[in-house]
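Since we're looking at a predicted model, the values are computed, not measured. Naming convention: chains lettered A, B, ... in sequence-line order (proteins, then strands); numbering from 1 in each chain.
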2 protein chains.
Amino acid sequence: MATLGDLERAVMDLLWEHQEAITANILRDLLSQRTTDDNAESRPLAVTTVLTVLSRLEKKGLVERERASRPHRYRAVTSREEHTAELMLEVLGSAPDREAVLARFIGTVSPGEAQTLRTLLGRP
Amino acid sequence: MATLGDLERAVMDLLWEHQEAITANILRDLLSQRTTDDNAESRPLAVTTVLTVLSRLEKKGLVERERASRPHRYRAVTSREEHTAELMLEVLGSAPDREAVLARFIGTVSPGEAQTLRTLLGRP
DNA sequence: TAGAAGTTCTACAAGATGTAGAACGTGCTG
DNA sequence: CAGCACGTTCTACATCTTGTAGAACTTCTA
């Protein structure tokens, strides 16, 4: 349930960029724009496609919509950082080797990030 | 490509438990056993099923097999910790908000783990 | 009241995964 | 040497997820 498809991910990225809730139409425009930047040709998505994806994301609990306003407006339920952090925890899981995993993980972050982590962890 | 299905995951768990390479038949027995523990009824898996899953895991680079020995023997390519740590990195990704994600993430680990992390990070 | 704009339903293709029989290879044994 | 037993690979199919969008329904508003 955790993994998102490419389009779902693209939609979430846009929602995360916008603090304000936005409509499916705006999303479609932004998506088309984005795709045009990268690829050469690609007909813009249908709005229904975007709506379907939004419904699925809503079912997954990642998106919520304002049903009050007529063109419904959608927003991400959690921030990108929150979501990513949750995913990382999910991956880390409740295995008995959590500390071993953390050890490996820590070995890979950049020096700058290591410094950030030290600061965050504070001194014992 | 990162996510594994339930059966794939179960197979990997068993391979991770065994440092020695093991055969598909042994895996099938272990899987049947495990399933019987939890669920009430469930006919054991066919060996071909296990072989299919092993082939797929091999294609994904998670498993390698000794083709020399006649009943091929399979082993995990990386340890569970390694694999999990890699997954976590993949999730963390190369976003610009890596540090923000790490901040959230750190806030959720247990005190004991936090201590472990401090030790691992050393003092600046 | 009819059309425009929006939402929900329904549908299908492609890929991943679980599941396993069919077919093929190969060494041992009568 | 022929055929079986055991093992591997091929082929197949059902289900679920995701991308994609038309069809159908709803609801203002001119």
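In this structure, T52(A) reaches the bases: a heavy-atom distance under 4.0 Å links it to at least one base atom across the strands shown. At a threshold of 4.0 angstrom between heavy atoms, the contacts of R65(B) are confined to the sugar-phosphate backbone, with no base atom among them. Residue R9(B) is classed as having no contact, given no heavy-atom separation below 4.0 Å to the nucleic acid.
Rounded to an integer number of Å, the gap from CE of M12(A) to P of dG19(D) is 13 Å. Summarising the geometry, the separation between CZ on R70(A) and C1' on dT8(C) is reported as 11 Å, rounded to the nearest angstrom. Between the CG atom of L45(B) and the P atom of dT19(C) there is a distance of 6 Å, rounded to whole Å. Rounded to an integer number of Å, the gap from CG of L4(B) to P of dA16(C) is 13 Å. Going from atom NZ of K59(B) over to atom P of dG15(C) covers 13 Å, rounded to whole Å. The CZ atom of R28(B) sits 12 Å away from the P atom of dC6(D) (whole-angstrom rounding). Computed from coordinates, the E8(A) CD to dT20(D) P distance equals 11 Å when rounded to whole Å. Summarising the geometry, the separation between CG on L7(A) and P on dG19(D) is reported as 5 Å, rounded to the nearest angstrom.
Judged by distance alone with a 3.5 Å cut-off, a donor-acceptor contact links the side chain of R56(B) to the base of dG18(C).
Distances from the side chain of T49(B) to the nucleotides dA20(C), dT18(D), dT7(C) place dA20(C) closest. Ranking dA21(D), dC10(D), dT9(D) by closeness to the T48(B) side chain, first place goes to dT9(D). You'll find that the side chain of A46(B) is closest to dA20(C), out of dT9(D), dA20(C), dG18(C).
Side-chain contact between L7(B) and L45(B) is present, with heavy atoms from C-beta onward closer than 4.5 Å.
Using modelled atom types, no side-chain atom of E17(B) and backbone atom of L14(B) make a donor-acceptor pair closer than 3.5 Å. Counting only distance, with no hydrogens or angles, the side chain of R98(A) and the backbone of G93(A) share a donor-acceptor pair below 3.5 Å.
Between the side chains of H72(B) and R67(B), no donor-acceptor pair of N or O atoms lies under 3.5 Å.
Heavy-atom minimum distance, A114(A) versus L121(B): CB-CD2, 3.8 Å.
In this structure, R67(B) and V50(A) both approach DNA chain D, and ranking their closest nucleotides by distance from the 5' end singles out R67(B).
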